[in-house]
Asks: 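One structure, as structure tokens, below. Some questions next.
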Amino acid sequence: MEDPSGYEHFTPADAIAHQQELRKQISIKELTSPIRTIAGADVSFNKNSEVLYAGIVVFTYPELKIISTATAIAHTTFPYISGLLAFREVPALFNAWNNLVIKPDLLVLDGQGIAHERRMGIATHFGLITTIPTIGSAKSRLYGNFNEPADKPFAESPMYHNNEQVGVALRSKVRCNPIYISPGHNISIRQSVDVIRNCIRGYRIPEPTRQAHFLVNKIRIEHGDGTAKQPGLFD
DNA sequence: GCGACAG
DNA sequence: ATCTTGTCGC
């Protein structure tokens, strides 16, 4: 398990080279051990602020009762660059992860897994450095072509790049845009979708991610970072 | 050159 | 991602 704390000084070229190196270790295969706990992770921040608020919420599975949470506040100067999200958010998430006393059997990240140009979405990246099985559940598409899934509960449509499937567009809620599911590491595509389906509780966003989102926004506001505005032109 | 572009 | 009120549709 390596330390992501050095990402701060990476250039975009360094980051891409690192992804090319890490991708060699990706394993997409059935998770055979039982899933008794699952967790959701998310990061919150103010636009144009270098402070990130990371949080992880652990649940029993498949009941989805919250049993534990952990947070971390971190600083970063790595900008948001499409395709390099992990280099901005993983260090903060890693700190929250280390603050978790009981590690879950599976972790859901807010972003892509292998549905990425180098198969290195944030879920895959986090799975590789922690060795924990991960699933990427994104609110919008980054990579992969697909047909619009039917407007029926849990309708699915595979996402491909050439002839390779990289994920699934899932209609988690009727009359809402689909969510994009892809395995991160140490789990299969089919299993990733089945687990996420079991985590949908009446909302478009799966419960682990939803609760993690509430948690990180709460600590951001508590920390007094809730209403920072654009730097005034005269102050 | 033009369009796309996780959070 | 965050800010932010109303408004259209089921």
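Predicted model only: the values in this text are computed from it and were never measured. The figures here come from the full heavy-atom set of this structure, side chains too, leaving out hydrogens, waters and symmetry mates. Within every chain, numbering begins at 1; the chains are lettered A, B, ... in the order of the sequence lines, protein sequences first and strands thereafter.
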Asks: Please round to the nearest 0.5 Å and tell me the distance separating atom OG of A/Ser137 and atom CD1 of A/Ile205.
Replies: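 So the OG of A/Ser137 and the CD1 of A/Ile205 are separated by 6.0 Å.
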
Asks: Round to the nearest Å and state the distance from A/Arg88 atom CZ to B/dC5 atom C1'.
Replies: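 In whole Å, B/dC5 C1' lies 16 Å from A/Arg88 CZ.
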
Asks: For A/Ser140 and B/dG7, is the shortest distance between a side-chain N/O and OP1 or OP2 below 4.0 Å?
Replies: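 Answer yes for this pair, as a side-chain N or O of A/Ser140 is under 4.0 Å from OP1 or OP2.
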
Asks: Heavy atoms only, 4.0 Å cut-off, all strands: where does A/His213 land among base, sugar-phosphate and nothing?
Replies: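 Sugar-phosphate contact only - A/His213 comes under 4.0 Å of backbone atoms but never of a base.
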
Asks: Is A/Glu8 paired with A/Arg88 through a side-chain N to carboxylate O contact shorter than 4.0 Å?
Replies: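 Looking at A/Glu8 together with A/Arg88, the answer is no, because their closest N to O distance does not fall below 4.0 Å.
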
Asks: Checking the side chain of A/Arg119 only, and the main-chain atoms of A/His116 only, is there a donor and an acceptor separated by less than 3.5 Å?
Replies: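 Flag set: sc A/Arg119 to bb A/His116 pair under 3.5 Å.
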
Asks: Can you tell me the distance, in whole Å, between the CZ atom of A/Arg141 and the P atom of B/dC5?
Replies: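 Atom CZ in A/Arg141 sits about 5 Å away from atom P in B/dC5.
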
Asks: Starting at atom CD1 of A/Ile114, determine the distance to atom C1' of B/dA6, rounded to an integer number of angstrom.
Replies: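 It is 15 Å, rounded to the nearest whole Å.
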
Asks: When you look at CZ of A/Arg36, are more than 12 heavy atoms from neighbouring residues, nucleotides or ligands closer to it than 6.0 Å?
Replies: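 Check fails, neighbour count at 12 or below.
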
Asks: Shortest non-hydrogen contact from A/Tyr7 to A/Val90?
Replies: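 A/Tyr7 and A/Val90 have their closest heavy atoms at CE1-CG1, 4.2 Å.
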
Asks: In whole angstrom, give the distance that lies between atom CZ of A/Arg119 and atom C1' of B/dA6.
Replies: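 Those two atoms, CZ and C1', are 15 Å apart.
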
Asks: By a strict heavy-atom criterion of less than 4.0 Å, which residues belonging to residues 164-203 of chain A are in contact with DNA chain B?
Replies: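 Those residues whose heavy atoms fall under 4.0 Å from DNA chain B, taken from residues 164-203 of chain A, amount to none.
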
Asks: If you check the A/Arg220 side chain, which of C/dC3, B/dA6, B/dC5 turns out closest?
Replies: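 Nearest to the side-chain atoms of A/Arg220, counting from C-beta on, is C/dC3.
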
Asks: Are A/His9 and A/Phe78 an aromatic pair by the rule of ring centers under 6.0 Å?
Replies: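 They do not qualify: ring centres at least 6.0 Å apart.
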
Asks: A/Lys139 NZ to C/dA1 C1': how many Å, rounded?
Replies: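 Atom-to-atom, A/Lys139 to C/dA1, this comes out as 8 Å.
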
Asks: Output yes if the stacking criterion (under 5.5 Å between centres, under 30° between planes) is met for A/Phe45 over the base of C/dA1, else no.
Replies: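 A stacking contact does not exist, since A/Phe45 is not both close and nearly parallel to the base ring of C/dA1.
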
Asks: Separation of A/Lys47 atom NZ from C/dC3 atom P, in whole Å?
Replies: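 Result: 11 Å.
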
Asks: Which listed nucleotide (C/dT2, B/dA6, C/dA1) is nearest to the side chain of A/His116?
Replies: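 From the listed options, B/dA6 comes nearest.
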
Asks: Is the side chain of A/Asp110 donor-acceptor paired with the backbone N or O of A/Asp42 at a distance under 3.5 Å, no angle test?
Replies: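 Side chain of A/Asp110 to backbone of A/Asp42: no pair is present.
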
Asks: Do any side-chain nitrogens or oxygens of A/Ser44 fall under 4.0 Å of OP1 or OP2 in C/dA1?
Replies: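 No.
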
Asks: Find out whether A/Phe59 and A/Pro208 are in side-chain contact, i.e. whether some heavy atom of one side chain is under 4.5 Å from a heavy atom of the other.
Replies: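 Yes, at least one pair of side-chain atoms sits under 4.5 Å.
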
Asks: If two hydrophobic side chains count as joined below 4.5 Å and joins carry through other members, does A/Leu100 share a cluster with A/Ile122?
Replies: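 A/Leu100 and A/Ile122: one cluster.
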
Asks: In terms of side-chain heavy atoms of A/Asn46, which of B/dA6, C/dT2, B/dG7 is nearest?
Replies: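 For A/Asn46, the side-chain atoms sit closest to C/dT2.
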
Asks: Should stems be defined as at least three consecutive Watson-Crick or G-U pairs with both distances under 3.5 angstrom, which of them involve DNA chain B?
Replies: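 Stems (3+ consecutive pairs): none listed.
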
Asks: Would you indicate what A/Gly83 reaches in the nucleic acid, counting non-hydrogen atoms under 4.0 angstrom: base, sugar-phosphate, or nothing?
Replies: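 Since a base atom lies under 4.0 Å of A/Gly83, the category is base.
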
Asks: Quickly work out the A/Gln112 CD to B/dA6 P distance and round it to whole Å.
Replies: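 From A/Gln112 CD to B/dA6 P: 8 Å.
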
Asks: Please give, in whole Å, the distance from B/dG7 C1' to A/Asn48 CG?
Replies: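 In whole Å, B/dG7 C1' lies 15 Å from A/Asn48 CG.
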
Asks: Would you say B/dA6 has OP1 or OP2 under 4.0 Å from some side-chain N or O of A/Tyr80?
Replies: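 Checking A/Tyr80 against B/dA6: at least one side-chain N or O falls below 4.0 Å of OP1 or OP2.
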
Asks: According to the interplanar angle, ranging from 0 to 90°, do the rings of A/Phe146 and A/Tyr180 count as parallel (below 30°), tilted (30 to 60°) or perpendicular (above 60°)?
Replies: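 If you compare the ring of A/Phe146 with that of A/Tyr180, the planes turn out perpendicular.
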
